[in-house]
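All remarks here apply to the structure that follows.
None of the values given here were measured: they were computed from a predicted structure. Within every chain, numbering begins at 1; the chains are lettered A, B, ... in the order of the sequence lines, protein sequences first and strands thereafter.
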2 protein chains.
Amino acid sequence: MKLSTKGRYGLRALIDLAQYSTEAPVSITSISARQDLSERYLEQLMSMMKKAGLVKSVRGAGGGYVLAKDMAEISVGDVLRALEGSLEPVECAGLEPDGGCKAADYCVTKYVWQRINDSISQTVDEIRLDQLVEESRRKQCAGMDRTACKN
Amino acid sequence: MKLSTKGRYGLRALIDLAQYSTEAPVSITSISARQDLSERYLEQLMSMMKKAGLVKSVRGAGGGYVLAKDMAEISVGDVLRALEGSLEPVECAGLEPDGGCKAADYCVTKYVWQRINDSISQTVDEIRLDQLVEESRRKQCAGMDRTACKN
DNA sequence: AGTAAATCCTAGTAAATTACTAGGAGATAA
DNA sequence: TTATCTCCTAGTAATTTACTAGGATTTACT
């Protein structure tokens, strides 16, 4: 039940992007320098977030990434699902109307997986990027030594 | 953010055990037959749950496993933590008073991981084995074809 | 026109983890 | 004494993770 580096790094990167892209697009190079992440790897994460419609890219010199929508419109759930895939603790935990497991009616554990799924979904969907950015400003995270912590 | 087969199989096995161990201990052979699980693998899961104090074993012929405490005293959280290890979505998500990450005061994402951790913990800790057993009886899960579903 | 700074896209790959299997020792009831 | 159990340690194939590598393409600037 661990998040991978994709989700962890990606959320950090997006918070960074949200803070620094108010005027011009922000390059992968600058994000990875501030956040101490591999440029090549971050590239892939940004690509995933782009496909998910969270960021837009500007190609060529002076280019980079910008948020595709308002910070308040992006939830942690959007970010993590873009990077981790479904957050369901097991494959069948979702609420598919019909496509789900045939055995669902007789499945006790499905109730458990669904409860876990619901609680995760609810919390990640209610935390939005603007809150995190504000929190980051308040804590003056810019001065934080990123090599100390990989989360 | 997926549970492994340990957690999935193990919870199923323990529900099965709770239902069938009212009189005599239940053997791994019988659980694995009913639940369509590998005996050897289940053996390991039972051993983990024993170490965690959830079940007791009776060795020798006619032996097997019994719950170590009342069904109502065992939560899904107890079971999953015994089998999966910590349920924290990232290493630092817990509430360690001091042993935690040095950067915590400056770490925005830690807030996120902790919120997720808290919501998972709360839901798994409030679901107890007796509820699941009752639900299983109500649904007549005994007739379920276990080969159809691995969760 | 040329160059530097960017994103974009696909593959490859070492390390770690998962999900088992295998073998055999020891305990106990019949 | 034998069949049925738990117990314990190792091994291992398959999968996933976390990257790295190479190069094509786009664009601003001089």
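One can place CG of B/Leu17 at 14 Å from C1' of D/dT6, the figure rounded to the nearest angstrom. Here D/dA18 presents its C1' atom at 10 Å from CZ of A/Arg8, a figure rounded to the nearest Å. Going from atom CE of B/Met1 over to atom C1' of D/dT16 covers 17 Å, rounded to whole Å. If you measure from atom CD of B/Glu43 to atom P of D/dT4, you get 16 Å, rounded to the nearest angstrom. If you measure from atom CZ of A/Arg12 to atom P of D/dA18, you get 13 Å, rounded to the nearest angstrom. In this structure, the CD atom of B/Gln44 is 13 Å from the C1' atom of D/dT6, given to the nearest Å. Atoms NZ (B/Lys2) and P (D/dT16) sit 11 Å apart, rounded to a whole Å. In this structure, CZ of B/Arg59 is placed 16 Å from C1' of D/dA3, rounded to the nearest angstrom.
Interatomic distance, B/Leu80 CG to B/Leu11 CG, rounded to the nearest 0.5 Å: 6.0 Å. Rounding to the nearest 0.5 Å gives a distance of 10.0 Å between OG of A/Ser30 and CD of A/Gln35.
The span of DNA chain C lying next to chain B, judged by atoms under 4.0 Å from heavy atoms, is bounded 5' to 3' by C/dA19 to C/dA29.
Using a cutoff of 4.0 Å between basic side-chain nitrogens and carboxylate oxygens, A/Arg81 and A/Asp125 are scored as salt-bridged. By the 4.0 Å N-to-carboxylate-O rule, B/Glu134 lies too far from B/Arg137 to be salt-bridged with it.
Proximity of A/Ser4 to the phosphate of D/dA18: a side-chain N or O atom is located under 4.0 Å from OP1 or OP2. At least one side-chain nitrogen or oxygen of B/Lys50 sits closer than 4.0 Å to the OP1 or OP2 atom of D/dC7.
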Table please: side-chain donor-acceptor pairs of residues 57-78 of chain A below 3.5 Å, with sequence neighbours left out.
from: A/Ser57; atom 1: OG; to: A/Lys50; atom 2: NZ; distance (Å): 3.0
from: A/Asp70; atom 1: OD2; to: A/Ala72; atom 2: N; distance (Å): 2.9
from: A/Ser75; atom 1: OG; to: A/Gly77; atom 2: N; distance (Å): 3.3
from: A/Ser75; atom 1: OG; to: A/Asp78; atom 2: N; distance (Å): 3.1
from: A/Ser75; atom 1: OG; to: A/Asp78; atom 2: OD2; distance (Å): 3.2
from: A/Asp78; atom 1: OD2; to: A/Ser75; atom 2: N; distance (Å): 3.0

B/Thr109 vs A/Arg8, side-chain contact (heavy atoms from CB on, under 4.5 Å): CA-CA, chis, key distance, verdict: CA-CA 8 Å; B/Thr109 49; A/Arg8 301 196 324 259; over 6 Å; no
Criterion side-chain contact (heavy atoms from CB on, under 4.5 Å) on A/Leu37 and A/Arg12, from CA distance to verdict: CA-CA 10 Å; A/Leu37 300 170; A/Arg12 258 171 60 196; 3.9 Å; yes
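Pair assignment for D/dT25: C/dA6, on the basis of Watson-Crick or G-U wobble contacts that are both within less than 3.5 Å.
In this structure, A/Lys51 and A/Gly62 both approach DNA chain C, and ranking their closest nucleotides by distance from the 5' end singles out A/Gly62. Heavy-atom distances to DNA chain D give each of A/Arg40 and A/Lys6 a nearest nucleotide, and the one nearer the 5′ end belongs to A/Lys6.
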